[in-house]
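In this text the structure is predicted, and so the values were computed from the model without any measurement.
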Amino acid sequence: MRLAVLIAAMLSVTACASTGERQGPGPEQPPAGAEFSLTAADFSDLPNWASADLSPAFIAFRRTCEARAFRGPNDSWSNYGRYGGTMATWSAACAASRTVAPGGERAFFESQFSPFFVRGPGEARLTAYYEPAIQASRIQAPGFTEPLLRKPNDMVSIDLAGFAEALDNDTLRGAPRALTGQLRGSSVVPYPKRDAITQQPGQVIAWAHPVDVYNLQIQGSGRLVFGDSAPVRAQYAAQNGYGWNSALGALSRSGELQGGATWANFRAWSDQRGTDATRTALNADPSYVFFEERTIADPSIGPEGAAGIALQPQGSLAVDPSFHPYGAVIYVDGQYDGAAFNRLLVALDTGGAIRRGPLRGDVFWGSGLEAGQAAERMNAPARWWTLLPRGAPIS
C-alpha cells in the first residue's frame, strides 16, 4: 500500500507538461498509444548521403564502442529504446570501426549498416543545444549571486522498471522508468520544486549570474570560467523530477521581456530588475538541475550526455530514449539557416523537452558563445532514418 501511494504521488509530478528549449534529463513521458515503426530503406533514399559529413558521427560511434567494450555479447546495446539488440549485434561494426582511416567513414557505414525510415507520433523537429561557458566565482559576490548546487544527500531515485518486473505489474511498466524523490526518515516523497529548494552544507560548487545558472540547467552542463584558476566543467548530476516549464518563455508571454525570448534579452532584463525579480521569474519553472564538478582534461571534448559518453559537436543527438536506444546511429534530413541540414548523428543524450516521440531531437552544437549563437538558430522539421548493423532485429 505504501508503495502504491508513493507511486501515485510521484506520477502526478511527472505528468507536468514541458515546452520550449531543451533541459537536462528529466522524467520520461512516452506518448500514449505510440505507433512507432522502422521501415527498411536504401542509402540512396537518404537525401545528400553521398556528400554529408560523416566524420563527427563516426567519432561519436567509435567512442560509444570503446565505452561499451567491457560488456558481454548477450548484454543489451542499450537499456533504453525499442530496438538495438545485444552487444553481439554491434560487435562486427565496432570491431571494423577500429581500422577505419580518415575519409573511409562512408564506406564503413555502408558496409556495416542498413538504413530504416523512422515513423512515429509527435512532432518531427530538430533543435540544437550547446555547452555554455560562464563567468563564475568560488564566493558569493556582486554579479555572482546564484549558486550551482551539487546533488543533495537526501535525493533518491526509484527504479520503477525494476519494480515492474519484480511485481509483474503492467501499470508500472507504463510508468516512467525512474522517479526522483526526497528521503524523509523512512519515507520517500516528491522532491521540492525550484522555489522550495534550500542549500545543504557543502553543496555549493560556485556562484554565477542567475540567468547563466539557469542556462546551464537548460543545456544540461557548462564550463565555469574563473578569474584566477583553470576552467572546470559543471556536469549534469541530477534533476528534481518535475516537468520543465520555460521561465524564459513564461516571462516573454507575460509581456515583461522586450525584443523576444532570447538569453541576451533575459540577461538584460535581469540586470535591470535585480536578483529578487529574477528569482521570482525563474520560479515559474519548477524543475531544478544539480551538477557535479569535473576537471577539463581536453577542452576539445564535450560534456558527457545521458549515455555517460562525451558528446561530439554536430555528431551527437539528444533523443527520446523511450524509442531510440543510446548509441543509435541516426540520419536526419532537416534545415538550418534556410539550407538543407543532412547529418549523421549518434544518440547519446536526452532532455526534458526532447522526450516527446521518436522524431524530436536536439543536435549538440559544441561549447562556447559561438556554438550557443548557432544552436539558438536551429529549429525546423526533419525526417529521420536509423542505421542498424546488417542483420540486426528491428524490435
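Residues in residues 203-222 take part in these salt bridge (charged side-chain N to carboxylate O under 4.0 Å, His left out) pairs, two or more places apart or across chains: Asp212-Arg267. Counting only residues at least two apart or on different chains, no salt bridge (charged side-chain N to carboxylate O under 4.0 Å, His left out) pair has a member in residues 63-80. For residues 118-134, the set of pairs meeting the salt bridge (charged side-chain N to carboxylate O under 4.0 Å, His left out) definition, not counting sequence neighbours, comprises Glu123-Arg125, Glu131-Arg223, Glu131-Arg233. Under the disulfide (SG to SG under 2.5 Å) criterion, the residue pairs touching residues 38-154 are Cys65-Cys94, with sequence neighbours excluded. Counting only residues at least two apart or on different chains, the salt bridge (charged side-chain N to carboxylate O under 4.0 Å, His left out) pairs with a member in residues 322-336 are Asp333-Arg383. Residues in residues 327-395 take part in no disulfide (SG to SG under 2.5 Å) pair, two or more places apart or across chains.
Of all non-hydrogen atoms in Pro147 and Tyr288, the two that sit nearest each other are O-OH, 3.9 Å. Between Val211 and Ser270, the shortest heavy-atom distance links the atoms CG2-CB, 3.7 Å. Residue Val319 comes nearest to Pro321 through the heavy atom pair O-CD, 3.2 Å, listed as atom of the first residue, atom of the second, then distance.
Relative ring orientation between Phe61 and Trp77 is described as tilted, the plane-to-plane angle lying within the 30° to 60° band. Between Phe109 and Trp49, the ring-plane angle classifies as perpendicular under the 30° and 60° cut-offs.
Under the side chain to side chain donor-acceptor pair (under 3.5 Å) criterion, Trp207 pairs with no residue at all, not counting sequence neighbours. With sequence neighbours excluded, the residues that form a salt bridge (charged side-chain N to carboxylate O under 4.0 Å, His left out) with Asp53 are Arg343. Annotation: ring-ring contact (aromatic ring centres under 6.0 Å, His included) contacts of Phe58 (sequence neighbours excluded): Phe108. The side chain to side chain donor-acceptor pair (under 3.5 Å) check on Asn153 picks up nothing, with sequence neighbours excluded. Among residues two or more places apart in sequence or in another chain, the salt bridge (charged side-chain N to carboxylate O under 4.0 Å, His left out) test is passed with Glu376 by none. Under the side-chain contact (heavy atoms from CB on, under 4.5 Å) criterion, Ser76 pairs with Asn79, not counting sequence neighbours.
A salt bridge does not link Glu293 to Lys151: none of the charged side-chain nitrogens sits closer than 4.0 Å to a carboxylate oxygen. Salt bridge annotation for Arg377-Asp337: present, with a cationic side-chain nitrogen under 4.0 angstrom from a carboxylate oxygen.
No more than 12 heavy atoms of other residues, nucleotides or ligands shown are found within 6.0 angstrom of CD on Glu370.
Side-chain contact check for Arg150 and Gln199: no donor-acceptor pair (N or O, by modelled atom type) lies under 3.5 Å. Side-chain atoms of Gln182 and Asn240 form no donor-acceptor pair, as typed in the model, at a separation below 3.5 Å. Counting only N and O atoms by type, the side chains of Asp298 and Ser300 include a donor and acceptor under 3.5 Å apart. With hydrogens and angles left out, the side-chain atoms of Tyr80 and His324 include no donor and acceptor closer than 3.5 Å.
The distance from atom CD1 of Ile218 to atom CG of Leu248, rounded to the nearest 0.5 Å, is 8.5 Å.
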